[in-house]
Amino acid sequence: MINDAPQVDVERLVGELQALAAISDCPEPPPAVTRVVFTETDLRARDYLRSLYEAAGLTVRVDPIGNTFARWHGSDPKASAVGTGSHCDAIPHAGMYDGTVGVLSGLEAIRALQASGYQPRRSIEVVMFTSEEPTRFGVGCTGSRLMSGAMSPADLAKLTDEADDDYDTVRRRAGFTGELSEVRLPGDYYDAFVELHIEQGPELEAGDLAIGAVTAIAAPAQANFTVTGEGGHAGAVLMPRRRDALVAAAEMIAAIDSIARASRSPDLVATVGKLEVHPGAVNSIPSKVTFSLDLRDIDGANRDAVLKQIEVETEQIATRREVQLEHRTLNADPPATSDPRIVDAVVQSATSLGQAHQKMISRAYHDSLFMARVAPMGMIFIPCRGGVSHRPDEYSSPEALAAGVQTLALTLAELAR
Ligand code: HGY
Ligand code: MN
Ligand code: MN
Ligand code: MN
């Protein structure tokens with residue numbers, strides 16, 4: 001076991017985070033980042049990470065959709081491994097810490113353990129998951145969904161991007177080959193999986209806490225709504241005769257907001273993040289509108305009940321406004337519960353380091369939501385300034401990063417011994 005706090009080189013870690021942030025398609029300079037899965041930029045980021053993993057002496061394996069595994073071999077090669085990691089794709093105009101903190105802190109924790117002379121019995125593996133964000137294919141966590149069996153290869157291959165290219169075509173064009181069926185992990189592949197991530201919320205900072213030991217991850221659902229009206233000339237069609245798709249959609253979106261605010265569960269959140277208007281001309285009545293729905297709650301049953309209520313009320317609005325409505329649920333995943341053994345290991349590590357900590361839930365989803373289906377799962381949160389995330393001003397301090405890496409290192413050492 002480790003006696004004193006692992007020595008973390010936080011300057012090196014911050015430098016690596018900044019180097020990764022510079023690999024971006026965002027028109028704004030870092031810390032704004034855009035890095036969409038299977039783009040040239042995503043591939044350059046993967047190459048950069050791989051170079052760091054190999055420089056640390058880790059054995060790197062890449063699976064048929066780009067999930068990347070960097071392994072520090074333990075003394076018992078037959079023992080199930082201990083995994084850590086996160087994602088390095090980033091939504092448009094994101095910040096530079098979401099996901100990347102996990103893929104680089106996993107490496108830094110291993111380097112600190114190597115420097116301490118610790119030798120794991122179980123191999124320790126850093127995973128960089130492909131496509132945690134839903135940006136390109138509309139559904140998030142495709143890498144961990146396929147690894148865990150939460151999504152079948154057939155369903156994954158049906159996903160298409162905005163150019164209407166299917167997932168299988170796009171991943172092959174990006175250089176990832178092999179059968180999708182090879183991505184699924186064997187049941188005993190990991191003995192434990194721990195993800196370090198920024199909180200993406202205000203609780204830790206507000207409580208002046210360094211570490212969050214995550215006990216559960218909220219249940220995310222996503223759906224698409226398409227409203228079809230009649231359209232027509234903005235000057236010639238008088239108000240009583242209109243079947244305006246955008247006004248109907250606007251009433252539906254306002255209803256979604258009211259339903260979410262009235263929900264019995266304070267953890268229920270609803271977001272309409274994307275809206276497209278056709279034909280999108282100043283002097284033409286909108287004939288077709290599509291909008292997205294992102295709906296979450298730590299209480300899966302309440303999330304499902306609210307989704308049903310939204311469907312009923314939007315259909316009533318469509319009828320009253322004489323427009324057509326189609327809605328399609330893309331995913332409605334159950335929440336995940338962390339394994340008590342892993343939560344305890346995180347709490348013990350933070351306690352031995354004298355880090356102020358609390359148990360808490362994750363309102364954002366993560367690859368750990370799906371890894372929980374194939375391994376005992378846990379997450380470690382570190383504070384981010386103002387709780388801000390998915391924005392260029394997302395920020396976690398070197399002190400927060402160092403505390404997170406030290407806690408992760410001790411947790412991994414405990415789980416891999
Ligand atoms: O939306 C989420 O919770 C994650 O950041 N993809
Ligand atoms: Mn994110
Ligand atoms: Mn993330
Ligand atoms: Mn996430």
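Numbering of ligands and ligand atoms starts at 1, following listing order.
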Ignoring hydrogens and angles, state whether a donor on the side chain of Gln119 or Gln114 is under 3.5 Å from an acceptor on the partner side chain.
-> no
Can you list the atoms of ligand 1 that are under 4.0 Å from a heavy atom of Glu132?
-> 4 (C), 6 (N)
Side-chain donor/acceptor pairs under 3.5 Å, residues 375-387, sequence neighbours excluded:
from	atom 1	to	atom 2	distance (Å)
Arg385	NH2	Asp393	O	3.1

The Mn ion (ligand 2) is nearest to which N, O or S atom of Glu133?
-> OE2
min-distance N/O/S atom, His390 vs the Mn ion (ligand 2), resolves to NE2
Arg296 and Asp267: CA distance, side-chain angles, deciding distance, salt bridge (charged side-chain N to carboxylate O under 4.0 Å, His left out) verdict | CA-CA 8 Å; Arg296 311 183 191 199; Asp267 298 312; over 6 Å; no
Pick one of side chain, backbone, both or neither for how His366 approaches ligand 1, counting any non-hydrogen atom pair under 4.0 Å.
-> neither
So does His366 have any N/O/S atom less than 2.8 Å away from the Mn ion (ligand 3)?
-> no
Examine Phe129 together with His87 and report whether their ring centres are nearer than 6.0 Å.
-> no
Six-ring centre of Tyr189, Arg122 cation under 6.0 angstrom, axis tolerance 45° | no
Name whichever N, O or S atom of Asp98 ends up nearest to the Mn ion (ligand 3).
-> OD1
Test salt bridge (charged side-chain N to carboxylate O under 4.0 Å, His left out) applied to Asp63 - qualifying residues, sequence neighbours left out | none
What's the atom name of the N, O or S in His87 nearest to the Mn ion (ligand 3)?
-> NE2
Residues Thr160 and Tyr167: side-chain donor-acceptor under 3.5 angstrom | no
In terms of atom number and element, which parts of ligand 1 are under 4.0 angstrom from non-hydrogen atoms of Glu133?
-> 4 (C), 5 (O), 6 (N)
Counting heavy atoms only, which part of Arg296 comes closer than 4.0 Å to ligand 1: side chain, backbone, both or neither?
-> side chain
In terms of atom number and element, which parts of ligand 1 are under 4.0 angstrom from non-hydrogen atoms of Ala364?
-> 3 (O)
